[in-house]
Amino acid sequence: MISFGLTEEQEVVREAMREFAVDIFREAARDADEESALPADVLNTVWELGLTSTQLPESVGGGGEARSPITNAIILEELAFGDPAMAIAATAPSLFAFAINDFGTDDQKQAHLPRFCGDKFAAATVAVAEPSPVFDVANLQTTAQAKGDGFVLSGRKHFVVLGDRAEQFLVLARTEQATGTGLDAIDAFIVPRDAAGLTISEVEKNLGMKALPTVALTLEQVELPAEARLGGSDGIDGARLIAQMRTASAALRVGVSRAVKEYAIPYAKDRHAFGEAIAQKQAIAFTLSDMEIEVNSMRWLTWKAAAALESLEDATQPALFASTYTARECMKIADNGLQVLGGHGFIREHPVELWYRAARTLTVLDAVAAV
Amino acid sequence: MISFGLTEEQEVVREAMREFAVDIFREAARDADEESALPADVLNTVWELGLTSTQLPESVGGGGEARSPITNAIILEELAFGDPAMAIAATAPSLFAFAINDFGTDDQKQAHLPRFCGDKFAAATVAVAEPSPVFDVANLQTTAQAKGDGFVLSGRKHFVVLGDRAEQFLVLARTEQATGTGLDAIDAFIVPRDAAGLTISEVEKNLGMKALPTVALTLEQVELPAEARLGGSDGIDGARLIAQMRTASAALRVGVSRAVKEYAIPYAKDRHAFGEAIAQKQAIAFTLSDMEIEVNSMRWLTWKAAAALESLEDATQPALFASTYTARECMKIADNGLQVLGGHGFIREHPVELWYRAARTLTVLDAVAAV
Amino acid sequence: MIDFNLSDNDKKMLDYVRTEALVARKYARYYDENEAEFPPEALDEADDYPGAWSMMAGRTSEDSGQSVIGMLITMAENWGDYSVRMRKGRGVGLGNAALGASGTEEQRTKWGGLLLSMAITEPGCGSDPSLVQTTAVLDEETNEWVLNGEKIFVTTGCRSDGVVMWATLDRSAGRAGIKSFLVEKGAPGFQVSHKEKKLGIRADDTATYVFTDCRIPRENLLGGKEEIPKAGSGGFRGVMKTFNMTRPMTAAFGLGMSKASLDFTREQLEGAGIDLSYGADVHGLSAAAAKFQSLEALQEAAELTVLHAAYLSDQGEPNNLEASISKAKGGSAVRTITQGCIELLGPMGASREHLLEKWFRDVRITDIYEGTGQIQNLIIARTILEYDRSQLS
Amino acid sequence: MIDFNLSDNDKKMLDYVRTEALVARKYARYYDENEAEFPPEALDEADDYPGAWSMMAGRTSEDSGQSVIGMLITMAENWGDYSVRMRKGRGVGLGNAALGASGTEEQRTKWGGLLLSMAITEPGCGSDPSLVQTTAVLDEETNEWVLNGEKIFVTTGCRSDGVVMWATLDRSAGRAGIKSFLVEKGAPGFQVSHKEKKLGIRADDTATYVFTDCRIPRENLLGGKEEIPKAGSGGFRGVMKTFNMTRPMTAAFGLGMSKASLDFTREQLEGAGIDLSYGADVHGLSAAAAKFQSLEALQEAAELTVLHAAYLSDQGEPNNLEASISKAKGGSAVRTITQGCIELLGPMGASREHLLEKWFRDVRITDIYEGTGQIQNLIIARTILEYDRSQLS
């Protein structure tokens with residue numbers, strides 16, 4: 001049955017997240033960007049929402065609620081509506097923990113998940129992107145060679161979220177054992193921060209989302225035991241993991257796009273030129289109506305991908321559609337939003353400038369969050 | 001020295017061609033399209049302009065004027081402004097004769113060119129496109145195998161302009177002898193209409209430019225003597241031939257785009273809705289200004305490619321830019337022009353509907369004319 | 001709960017509609033090339049196929065809502081062909097949508113079985129319905145409305161059994177004075193003329209109607225409310241409400257054809273050895289695959305806006321904004337998609353040997369009729385800006 | 001005769017400018033990250049490089065016209081970096097363009113050696129110059145103009161030596177009452193404040209000017225004509241004529257940077273093994289190559305519109321339409337190109353380790369200052385429609 005209706009619980013969560021994101025994230029966003037640093041305590045504050053722990057099983061100390069990619073997509077949209085950098089930082093532990101929970105062996109779950117059910121923000125992350133032009137996740141250059149029972153990892157990663165503080169990295173790589181091609185050939189390895197051969201860079205300097213600390217990793221012959229391979233001898237469902245991340249990225253882009261739209265509308269009504277509000281000019285009004293159309297389109301594509309994940313179908317295609325579509329439209333909306341503000345859009349007083357930079361960063365990344 | 005200035009002669013030619021195209025082509029265009037046939041005598045009328053013969057050498061009976069790709073680009077824009085189907089039909093002999101003149105041996109010129117210097121329209125054409133999706137001229141599937149001194153051609157061509165009446169076809173193919181790859185691997189063969197193994201289809205039914213007769217060719221082991229290979233043992237400069245055709249196609253698209261623009265402007269001023277001319281609405285006005293911007297952009301790219309051809313430089317890149325850019329923008333202009341007319345744009349009373357179909361045909365073809 | 005899965009019932013019905021649609025598709029080229037002829041009431045094959053709508057009985061809460069499944073069926077039918085159907089579309093004309101939205105119970109019963117076209121546009125009024133010049137004057141002696149005026153671009157205007165047409169009771173009242181009337185073919189003074197020659201949808205006739213002292217019964221005023229509401233009281237909105245279903249439906253017409261175009265293009269590209277499989281990032285693709293997949297995503301986005309507008313209608317929620325979003329998005333998407341498919345296939349895509357070029361022509365009307373894209377953008381912008389017509393026009 | 005070849009002179013000069021520009025580029029990141037500092041009057045390396053403009057002597061009829069070569073030099077300089085130059089751009093501020101276009105012979109001599117900014121925008125007037133509120137009142141006793149008002153978004157407003165600013169002699173006269181004035185830094189009552197924090201062009205200061213009873217000599221009225229022309233007599237056009245060179249030049253600023261972005265992207269893509277060679281139709285390319293080549297063609301198209309506007313100026317022909325075309329096209333093209341380059345390179349394109357992300361930020365101003373893209377579109381539309389401001393606004 002086709003339905004666009006939220007459950008009552010989802011309505012409540014959406015409302016709560018929206019308020020939180022505006023009150024906590026949006027308020028702090030400009031200073032955090034200027035200082036290239038997350039506000040003190042924001043991660044612990046957000047931790048109290050239980051975004052990660054409530055959807056982990058009771059057996060590891062979690063809330064035991066069913067994982068809902070749809071609910072998570074709704075949450076990510078709202079958080080990114082507040083600020084995408086903080087939204088990503090806040091949900092990075094989920095990126096790691098959900099992957100362990102979805103694809104890990106029982107031993108791996110017991111070993112790694114309890115940490116995410118405690119009182120304090122637990123930093124961990126996934127390393128996907130590689131510092132080469134035209135990066136394609138279906139063609140990873142980071143490799144895992146079998147050696148004895150274990151593996152040797154070699155390669156480079158960048159834009160690793162919260163890599164400055166993560167205790168573990170889940171590193172995506174191609175193994176010789178991998179069956180199939182493309183996304184099916186992806187394997188994941190749990191690499192501790194202190195692994196020999198792992199070099200962690202200083203915090204990277206990025207165009208947008210400057211408050212979000214990311215690092216580059218260099219893996220030189222990093223030797224890992226057999227149990228470091230997520231899912232043990234079965235490995236992981238790479239296509240599903242990537243679909244989760246693409247859907248999450250799409251949700252974040254919906255949030256940023258909506259932020260731009262909702263800022264541009266009252267601005268265009270207030271701002272006068274040539275004797276009337278600029279919103280009364282068709283060129284501006286139609287730019288705004290196009291934003292409205294596309295925020296809708298983007299959201300439905302995102303929800304469709306999330307729904308496919310939720311019903312455990314193959315979500316590769318809907319997630320890819322959601323990701324590529326939202327990437328293009330989010331950039332366009334941010335760009336047009338800036339244009340609606342004109343000279344004021346270029347000044348770092350209004351948040352649109354920040355969202356413009358965030359959009360261009362966010363829309364080339366599919367590996368910063370998960371549903 | 002950068003200059004956008006036409007010579008006095010070019011100004012005169014442009015003016016004359018514009019008048020001719022509007023008086024002769026535009027007048028007859030709708031009926032010709034409805035009847036899927038060229039108007040009687042239009043080809044002989046246009047022949048009197050000497051478009052082909054004046055730029056052929058005196059030694060074969062031509063006018064001996066220097067070939068000017070720039071002037072030819074200007075002419076093609078004007079003719080297509082009148083009607084693209086008739087513009088292409090009228091200049092098809094040039095497509096063949098210019099190639100013979102540019103790349104042929106002396107014997108080939110003497111054998112084939114005098115026919116284009118007579119009083120009567122001489123039909124001949126070049127066969128380039130192949131009936132496969134994602135056709136790429138740099139990767140022709142039609143092949144020429146050496147056999148004794150001669151060649152054996154095999155393959156299929158379609159959208160061969162004036163193929164219903166052409167006495168000769170210049171068929172582009174890949175030979176084993178071809179050096180290099182891509183455009184450099186292209187060879188051309190003069191194939192008489194009655195060649196054994198050559199099957200000529202009925203006139204094709206096309207979306208747009210229905211007045212333009214095109215055919216499909218099937219070449220089954222067509223045996224040709226050595227002298228059928230254009231340029232003899234040297235072959236041809238395939239990149240240059242393709243650049244000539246791409247530049248010509250670009251010029252045609254400028255003409256069609258300008259036709260749409262110049263029709264839409266007065267229409268939008270005349271047509272009233274909501275109490276004022278629709279041109280007074282920004283959405284319409286900005287659509288028209290965008291057409292103005294793009295007709296300019298398209299023309300300068302086309303001229304730049306033509307100028308590179310004229311100064312005998314490698315024109316591959318500018319011709320490719322002109323072709324791909326004009327293809328996209330011409331389609332967009334025709335599409336938007338139809339939208340400006342609204343319901344009236346959908347009706348076969350106004351020419352915009354005709355240009356819309358022509359544009360979608362013309363913008364997927366790079367092999368219908370030459371400069 | 002958010003859900004995009006179809007029930008087995010839904011799937012079965014749509015499979016069936018597509019089977020029918022493929023039969024109808026065989027006739028598509030003929031009625032395109034033979035513009036003077038109309039497709040028959042029912043195709044020869046109709047006897048072999050029970051009507052799809054008969055399967056609508058016995059639906060459960062597991063199945064999609066009436067409006068949603070209606071949109072899906074519309075897309076599936078048009079995936080076959082826009083103009084040629086297994087049977088003439090009884091009850092699916094645009095006028096029928098108006099009847100369903102605004103008709104009285106009696107009117108729905110009496111007229112529901114007829115194919116009704118919708119006549120709004122006039123030679124002088126373009127896309128601005130408030131400029132309607134056609135008049136309706138009540139003759140109290142005979143209890144008849146007397147209609148005078150001309151309507152153009154009436155879709156399915158020749159083969160429809162009747163029409164929902166707009167006329168003004170009082171030009172000085174502006175939009176508030178406009179009412180809809182049900183007029184049956186054959187009414188005295190109702191002349192159908194001039195089948196237009198068009199770019200596309202050639203089998204689907206586009207008529208001009210002339211009303212000259214045309215008399216119809218008093219009860220044919222759609223909805224039955226004869227009084228002219230005060231300006232600004234929203235009386236015109238009742239008339240406009242009709243569009244809340246016809247706009248998504250119009251988009252669905254086009255999206256059925258653009259989907260057919262994508263399917264044809266995929267077949268051709270894969271036949272030529274192009275890898276269209278999903279998984280790689282765009283940089284891992286060929287130019288053709290990247291382009292094709294972007295068109296597919298656009299199709300999906302536009303379809304979802306249509307389903308969203310329909311879903312709201314099923315929930316009894318207002319969907320004026322969402323109806324316009326779906327129409328604007330659909331109208332623009334089908335232009336891009338069909339143009340892109342021909343671009344991908346090159347000259348063969350522009351050949352009349354295949355239906356792709358026909359769909360390219362047919363869909364172009366989507367962004368024009370039932371309110372152009374520009375009109376939809378005005379409606380959307382006014383809604384989100386909370387502007388009235390005087391503030392944004 | 002139509003010609004796109006550069007003479008040896010032209011080539012030599014542009015090669016030289018690019019060499020200089022690459023030196024300046026080394027400082028680009030520093031002044032982006034250290035927004036409070038201005039680049040020096042001259043870089044340390046300046047002594048090793050004679051000024052490029054000195055090569056302008058001895059040009060022949062084989063060489064491109066002054067305006068054309070000026071645009072090419074501007075693009076080459078900005079290909080290095082927008083804000084950091086080998087030497088402070090004496091005589092190349094936007095105010096200098098106004099001086100050149102409208103100044104008297106005396107004014108040009110006296111002010112030509114100074115870097116002049118241009119102050120039009122006010123807090124309340126946005127892109128509408130006819131709404132200028134800053135007043136200029138003539139004090140006949142002292143033969144001085146007394147200026148009062150505030151100007152924002154004054155590009156190079158801090159480091160310029162003076163400014164061409166717009167003020168009205170008579171608000172009731174509307175556009176006709178607006179005049180330009182030359183004001184030197186240090187004039188009493190002329191306060192420079194508030195260097196804006198911006199998305200890009202951070203080294204290129206953007207100032208706010210406040211004029212409080214600021215007195216300047218009577219001869220500082222640009223062009224010297226004190227009378228207010230009758231409404232509609234085109235007096236305002238003289239003021240607007242300035243834009244016919246500043247608009248293409250502004251586009252050239254942006255296009256220099258977008259060209260640098262393309263060059264960087266090409267290098268990276270080719271380094272990653274992507275074949276970017278020309279020849280194949282789009283279907284024969286990878287998705288990355290197809291996208292890259294379309295951006296290159298767009299760059300070329302936009303550059304040509306700039307050169308066209310400049311060419312007309314060299315010919316002494318009107319170029320108001322063409323100046324706006326180049327500005328609209330350039331402003332839009334550089335957005336698309338720099339956004340597209342980052343998209344092609346992915347996350348590495350968004351890293352501050354490379355200058356690409358800076359150019360992406362820097363070029364964004366192109367479509368905003370000197371009249372937004374919307375303003376240019378209004379001008380173009382009015383021209384082709386032969387409308388005045390009352391008919392299209």
Side-chain angles (χ1 to χ4, degrees), chain A residues 1-7 10 70 74 133-139 181-184 239 242 261 265 268-269 276-277 279-282 284-286 288-294 296-298 300-301 303-304 306-308 310-311 313 316-325 327-329 366, chain C residues 1-7 10 61-65 68-69 71-72 277-285 290 293-294 296-298 300-305 307-308 310-312 314-315 321-322 324-326 328-329 332-333 374 376-387 391-393:
Chain A
M1 175 181 58
I2 305 283
S3 165
F4 293 76
L6 273 61
T7 63
Q10 284 167 338
I70 296 174
I74 292 168
V134 298
F135 169 69
D136 174 11
V137 72
N139 185 23
T181 54
L183 302 182
D184 293 333
I242 299 302
K261 175 183 70 112
I265 289 172
K269 290 180 74 172
E276 56 184 0
Q280 293 179 262
K281 296 293 178 193
Q282 277 193 350
I284 299 287
F286 284 18
L288 298 173
S289 73
D290 194 58
M291 290 182 190
E292 180 70 23
I293 292 168
E294 292 309 335
N296 272 270
S297 300
M298 289 160 76
W300 312 148
L301 284 175
W303 285 8
K304 185 159 188 184
E310 187 141 330
S311 56
E313 297 159 53
T316 306
Q317 188 246 45
L320 186 68
F321 285 3
S323 166
T324 56
Y325 192 91
R328 186 173 43 242
E329 295 303 327
D366 272 341
Chain C
M1 196 191 123
I2 293 164
D3 187 3
F4 296 95
N5 281 311
L6 295 173
S7 66
D10 288 352
S61 62
E62 299 293 297
D63 303 324
S64 296
V68 167
I69 193 72
M71 292 300 162
L72 291 169
S277 63
Y278 308 106
D281 290 324
V282 65
H283 300 314
L285 301 175
Q293 291 188 1
S294 80
E296 282 192 307
L298 178 57
E300 186 74 40
E303 285 186 16
L304 288 169
T305 62
L307 297 180
H308 183 239
Y311 169 79
L312 292 176
D314 282 333
Q315 300 299 306
L321 172 64
E322 292 77 8
S324 282
I325 286 176
S326 71
K329 183 70 187 167
S332 146
Q374 287 71 28
Q376 308 306 329
N377 270 300
L378 275 177
I379 295 169
I380 296 164
R382 280 186 204 130
T383 308
I384 61 177
L385 288 161
E386 297 171 313
Y387 274 168
Q391 289 166 299
L392 179 66
S393 67

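Labels below follow one simple rule: chain letters A, B, ... track the order of the sequence lines, proteins then strands, and each chain is numbered from 1. This is a predicted model, so every value here is computed, not measured.
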Review point. Between A/Ala306, A/Ala327, A/Ala285, A/Pro133, which shows the greatest number of heavy-atom pairs under 4.5 Å with chain C?
Key: A/Ala285
Point to revise | Portion of A/Leu320 that has a non-hydrogen atom of chain C nearer than 4.5 angstrom | key: side chain
Practice item. Select, from A/Asp366, A/Ile70, A/Thr7, the one with the greatest count of heavy-atom pairs under 4.5 Å involving chain C. Key: A/Ile70
Review point. Would you say C/Val68 and C/Asp10 make side-chain contact, with heavy atoms under 4.5 Å?
Key: no
Exercise for review: Could you tell me which portion of C/Leu378 (side chain, backbone, both or neither) has an atom closer than 4.5 angstrom to a non-hydrogen atom of chain A?
Suggested key: both
Review point. Just checking, any donor-acceptor pair under 3.5 angstrom between side chains of A/Ser289 and C/Asn377?
Key: yes
Review point. Can you tell if the side chain of C/Glu322 reaches within under 4.5 Å of the side chain of C/Tyr311, non-hydrogen atoms only?
Key: no
Exercise for review: Decide if the gap between the ring center of A/Phe4 and the ring center of A/Trp303 is smaller than 6.0 angstrom.
Suggested key: no
Review point. Is the number of heavy atoms from other residues, nucleotides or ligands within 6.0 Å of CD (C/Gln315) greater than 12?
Key: yes
Exercise for review: Identify which of A/Glu313, A/Met291, A/Met298, A/Lys261 forms the greatest number of heavy-atom pairs closer than 4.5 Å to chain C.
Suggested key: A/Glu313
Review point. Pick from A/Gly5, A/Ala307, A/Ser323, A/Ala322: which one has the most heavy-atom pairs with chain C under 4.5 Å?
Key: A/Gly5
Point to revise | Under 4.5 Å from any heavy atom of chain A - which part of C/Val282 | key: neither
**Study point:** Interface residue of largest heavy-atom contact number with chain C, from A/Ser3, A/Ala277, A/Ala279, under 4.5 Å
**Key:** A/Ser3
Check your understanding: Contact part of C/Glu296 toward chain A, heavy-atom cut-off under 4.5 Å: side chain, backbone, both or neither?
Key -> both
Revision key, fill the gap. From the list C/Ala381, C/Ala280, C/Ser7, the residue making the most non-hydrogen contacts under 4.5 Å with chain A is C/Ala280
Point to revise | For chain A, the option from C/Asp3, C/Thr383, C/Ile380, C/Asp63 that forms the most heavy-atom pairs under 4.5 Å | key: C/Asp3
Check your understanding: Side chains of A/Lys281 and A/Glu276: closer than 4.5 Å at any heavy-atom pair?
Key -> yes
**Study point:** Region of C/Ser61 in contact with chain A, defined by heavy-atom distances below 4.5 Å
**Key:** backbone
Point to revise | Residue pair A/Tyr325 / A/Glu294, side-chain heavy-atom distance below 4.5 Å | key: yes
Study note, to complete from the structure: Cut-off 4.5 Å, heavy atoms of chain A, and the answer for C/Asn5 is both
Point to revise | Residue C/Ser393 versus chain A: region with a heavy atom under 4.5 Å | key: backbone
Point to revise | Option in C/Ser294, C/Ser277, C/Gly279 with maximal non-hydrogen atom pairs under 4.5 Å from chain A | key: C/Gly279
Check your understanding: For A/Leu183, is it the side chain, the backbone, both or neither that has a heavy atom under 4.5 Å from a heavy atom of chain C?
Key -> side chain
Check your understanding: Hey, is the main chain of C/His283 close enough, under 3.5 Å, to the side chain of A/Asp136 for a donor-acceptor pair?
Key -> no
**Study point:** Heavy-atom proximity to chain A below 4.5 Å, by part of C/Glu300
**Key:** both
Check your understanding: Taking C-beta and beyond as the side chain, do C/Leu304 and A/Lys304 meet within less than 4.5 Å on heavy atoms?
Key -> yes
Check your understanding: Do the non-hydrogen side-chain atoms of C/Leu72 and C/Leu307 ever get within less than 4.5 Å of each other?
Key -> yes
Check your understanding: Within a strict 4.5 Å, meaning less than it, do heavy atoms of the A/Leu6 and A/Ile74 side chains meet?
Key -> yes
Review point. Considering only heavy atoms from C-beta outward, does the side chain of A/Ser297 approach that of C/Lys329 to under 4.5 Å?
Key: yes
Point to revise | Heavy-atom contact with chain A under 4.5 Å, split by part of C/Leu321 | key: side chain
Check your understanding: Do you know which of C/Thr305, C/Leu6, C/Ile2, C/Leu298 has the most heavy-atom pairs with chain A at a distance under 4.5 angstrom?
Key -> C/Ile2
